[in-house]
Number of protein chains: 2
Amino acid sequence: MRNRPVDIDRLFHALGDPTRRAILDGLVDRPQSVSQLAQPLGITVTAVMQHLEILEAARLAHTEKLGRVRTCRVEAAGFRALEQWIRDHRTAWERKLDRLGQLLAEEDEIR
Amino acid sequence: MRNRPVDIDRLFHALGDPTRRAILDGLVDRPQSVSQLAQPLGITVTAVMQHLEILEAARLAHTEKLGRVRTCRVEAAGFRALEQWIRDHRTAWERKLDRLGQLLAEEDEIR
DNA sequence: GGAATTGTCAAGTGAATACTTCAGTATTGG
DNA sequence: CCAATACTGAAGTATTCACTTGACAATTCC
């Protein structure tokens, strides 16, 4: 169960942390170095590195070291895998929900 | 930062656990009782209950007790919130990725 | 070359997680 | 009514997690 295809477990786990989502949001604006990412988050460079490993494993980010600076960018693969998962499950859910009919209506007015 | 709207943190956290995704997959087939869910998973009823609380908080499931049986169903609200999050972020990402141009192409042939 | 910058490594800490067990409490069928 | 069924609640445990500290290593700038 390792990472040839994007692992959905890694993906959800990666996105489950607010700091990591913040890192991604930062990277969407522009590629950034590790310390550039760390500063506004108020956490250590080491912590950012640890998050980056997780984001890379989930293929949500990609990093590359040139000289003493590691440049980090957002990567599309993980995101696409997430979309695919959603698509697959939505169709499955909708199929079943339609079959059950009133269940959907019942859920529409939330609790 | 609590749950009036579906909380994206809860959502990702809820979906980050394989057992919980398995529970949802089971519920998609048909509504089930807590013990019906527990049996094929090989975990205790108590453990399932704990997962259900998390799934309910994320609005991915809804449960209701009638007599001594608690019936669990899949709920659409959480799932819709996830789709919305994806939609929002995809457009943001695509905008930026397009602006960067070659970055996308680069990422297409994975690592 | 030496100091500042930028990142890496190893280890540790406290809190959160996913479970369990065990002792209840309702509910229901015979 | 009594026993089985179905869940609830409190507590405990082992692991994982996010993060830190502190000691390095590599690069770059003056």
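Worth saying up front: this structure is predicted, and the values here are computed from it rather than measured. In what follows, every chain begins at residue 1, and chains take the letters A, B, ... in the order their sequences are listed. We use all heavy atoms of the structure for the numbers below, so side chains are in, but hydrogens, waters and symmetry mates are not.
Within the structure, ring pair (Phe, Tyr, Trp, His ring centres under 6.0 Å) pairs that include any residue of residues 12-37 of chain A comprise A:F12-A:W85 (at least two apart or interchain).
Across the protein-nucleic acid pair, A:Q36 atom CD and C:dT5 atom P stand 14 Å apart, rounded to whole Å. Between the C1' atom of C:dT6 and the CD atom of A:E64 lies a distance of 16 Å, rounded to the nearest Å. B:L66 places its CG atom 20 Å from the P atom of D:dT5, with the value rounded to the nearest Å. Between the CZ atom of A:R20 and the C1' atom of D:dC19 there is a distance of 12 Å, given to the nearest Å. Counting to the nearest Å, the P atom of C:dG7 and the CD atom of A:Q39 are 12 Å from each other. Between A:I43 atom CD1 and D:dC17 atom P the separation is 16 Å, expressed in whole Å. Between the CG atom of B:D17 and the C1' atom of D:dT16 there is a distance of 12 Å, given to the nearest Å. Regarding A:F12, its CZ atom lies at a distance of 17 Å from the P atom of C:dT17, rounded to whole Å.
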(message) Go through it in stages, so that I can follow the logic: the residues are A:Q32 and A:T71, the test is side-chain contact (heavy atoms from CB on, under 4.5 Å), and I'd like the CA-CA distance, side-chain angles, deciding distance and then a yes or no.
(response) CA-CA 6 Å; A:Q32 290 186 64; A:T71 301; over 6 Å; no
(request) Go through the steps to decide whether B:L37 and B:L27 satisfy the test side-chain contact (heavy atoms from CB on, under 4.5 Å), and finish with yes or no. (result) CA-CA 8 Å; B:L37 286 169; B:L27 292 182; 3.8 Å; yes
(message) For B:L60 and B:V74: C-alpha separation, side-chain torsions, deciding distance, then whether side-chain contact (heavy atoms from CB on, under 4.5 Å) applies.
(response) CA-CA 6 Å; B:L60 287 162; B:V74 92; over 6 Å; no
(request) Show your working on salt bridge (Lys or Arg N to Asp or Glu O under 4.0 Å) between A:D9 and B:R21 and close with a plain yes or no. (result) CA-CA 10 Å; A:D9 251 345; B:R21 289 200 306 278; 2.8 Å; yes
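Formation of a donor-acceptor pair under 3.5 Å by the B:R20 side chain with backbone atoms of B:L15 is not found in this model. Listed for the B:Q36 side chain is a donor-acceptor partner under 3.5 Å among the backbone atoms of B:S33. For the pair A:E64 (side chain) and A:C72 (backbone), a donor-acceptor distance under 3.5 Å is absent.
Not a single donor-acceptor contact under 3.5 angstrom links the side-chain atoms of A:R68 to the base of C:dT6.
Contact annotation: B:H13 side-chain N/O to C:dA16 OP1/OP2 distance is not under 4.0 Å. Distances shown here put a side-chain N or O of B:T44 below 4.0 Å from the OP1 or OP2 atom of C:dT20. Within the structure, a side-chain polar atom (N or O) of B:T19 is placed less than 4.0 Å from OP1 or OP2 of C:dC19.
An angle of 20°, rounded to 10°, separates the two end axes of the helix from C:dG1-D:dC30 to C:dG30-D:dC1, each defined over five pairs.
Under 3.5 Å, the side chains of A:T63 and A:E56 contain a donor-acceptor pair of N or O atoms.
Looking at residues 46-54 of chain A, you'll see A:T46, A:A47, A:Q50, A:H51, A:I54 sit with a heavy atom under 4.0 Å from some atom of DNA chain D.
Checking D:dT21, D:dT8, D:dA18 against every side-chain atom of B:V45, the shortest atom distance belongs to D:dT8.
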